[in-house]
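Data first, discussion second: the structure below is written as structure tokens.
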Amino acid sequence: MENNTTSNEYVRGTLKTIVLNLLAEHDRMYGYEITQEVKERTGGAIALTFGALYPVLHKLEQEGMLLTESVEVDGRLRKYYSLTSPGSEAARNKTNDLERFIDAVRLLLAPKNLATE
Amino acid sequence: MKRLHEDRIDLIKSYLKSRKLSPELLPEILDHLACEAEERLWDGKPFEQIYSSIVETADNEVVLNLNADHKNLLAMEKSLNDIVFEGRNKLYGAYDLRKSYGQTIQKSVLMGVALFGMIVFFPNLYARLVPDPKPGDIAYIVEARPIDITRELPKPMPEKPEPAPEAKTLRSLPPVVMQDDEVAMENLPPVLKELENAAPAAKTLEGIEDLEIIVPPAAEFGNAKTAAADVKTREESIFLHVEQAPEYMGGVQAMAAFLQKNLKYPVAAARAGIQGRVFVQFTVGSDGNIEDVTALKGIGFGCDEEAVRVVKMMQNWMPGRQAGNPVRVKFTLPIAFQIN
């Protein structure tokens, strides 16, 4: 739980990129599927809570990055998300941005003598 | 594979509703929690335990935060209209009107400006497109066709011989031997005294005494004129029916050929597909000239005028005759216009 709260702090800023990137790899996904995928691939290091995920999904939909389709499954509505063409472009851009940011952060976090080399 | 029972889904749903979860998020969160619950069911956990853990993860604070986050993230797009119409019927129409108000105003302003501009610049544009005529330009060509006007001259009337003033005469016949009873007393030969002022003649006339030369007096010309005018009115009267009807010189066939040759189908009538007969009335003068040509009953589109024009061109008619004398006769000629 403690681990989760610390990771949440960083996840919050990168959540959009993570979601877009995952959707770029899959045809379409629903909310729970995204959380499960994240959990599996990070070995549980990052756990998305529904409280953080769904507002972001809605926001991306509002921005025209995502298309949704509702399918009834087992007596309840399941909302599938897929990327629109501006969405996939944004996924590429944001992924590149994040990678550069991570590299920069890594340089910052590394010991000083290594960074100056 | 264990599926969550509908009752249990409803249970979670009513719980989320009781926590006042935003209806926009509700179906998705429900699906999410149901998936989670199913996974735990597969792990073999009892539903009650799962439910309590769900309630724990989705407690009041979490739901409130979720609602707030959701609202804040989407709030940028929310306008005054959305706030005004929150929780009201947006399908009623007023929402649409308010929402599209800006666009409507924009459109109408553009249209108004465009229309105004058009009205203002139309004369200018027109002047540019249609250049002013140069002084040398010919606008219309009017073909002048000489028109024969034959004026009907009043025919010199045969003057009725004025009865010449006669000399006073007395019946003075040469004496004839007769029976006594056959002798009429008034036929007695004139006495010499009576013959002083009169000349002997076969009849007794109350003439002018002592008249030697017979000269029509100048003052009496007026009398002669009125007599001539009298005769004229009688001669010039227009007949409707005469003993010998007027005829085109050469007969009906020649007239038909003449009409055929000269009649032109008016363009307007041909375009409108007009056909029919034009009744042209005219007067054949005693000299064979055509006068007073009018279209009695026509079909319009220039046909009437064309018929009148061609009839006016005909001049050589044989006048109608009444008692052997040429007279003016009113004549009606139907001219057929037919599109072949």
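- Considering only heavy-atom pairs separated by less than 4.5 Å from chain A, the leading option among B/Ile29, B/Leu30, B/Val62, B/Val63 is B/Ile29.
- Within the 4.5 angstrom heavy-atom criterion, no atom of A/Glu33 approaches chain B.
- Scanning both residues, B/Val278 and B/Cys303, for their nearest heavy atoms gives CG2-CB, 4.1 Å.
- Contact tally against chain A (heavy-atom pairs below 4.5 Å) for B/Leu66, B/Asp31, B/Ile9: the top residue is B/Asp31.
- B/Tyr15 places a side-chain N or O within 3.5 Å of a backbone atom of B/Ala58 that can act as its donor or acceptor partner.
- Not a single donor-acceptor pair under 3.5 Å links the side chain of B/Ser100 to the backbone N or O of B/Gln103.
- Contacts between A/Ser70 and chain B at a heavy-atom distance below 4.5 Å are absent for every atom of the residue.
- Only the side chain of B/Glu39 comes within contact range of chain A, with at least one heavy atom under 4.5 Å from a heavy atom of that chain.
- Note: B/His32 leads B/His70, B/His32, B/Glu6 in heavy-atom pairs under 4.5 Å with chain A.
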Verify salt bridge (Lys or Arg N to Asp or Glu O under 4.0 Å) between A/Arg106 and A/Asp103, making sure each step is shown before the conclusion. CA-CA 5 Å; A/Arg106 193 169 287 144; A/Asp103 285 347; 3.7 Å; yes
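- For the pair B/Cys35 and A/Arg76, the minimum side-chain heavy-atom distance is below 4.5 Å.
- Comparing A/Lys79, A/His58, A/Glu63 by heavy-atom pairs within less than 4.5 Å of chain B, the highest count is held by A/His58.
- A donor-acceptor pair under 3.5 Å is absent between the side-chain atoms of A/Asn21 and the main chain of A/Thr17, judged by distance alone.
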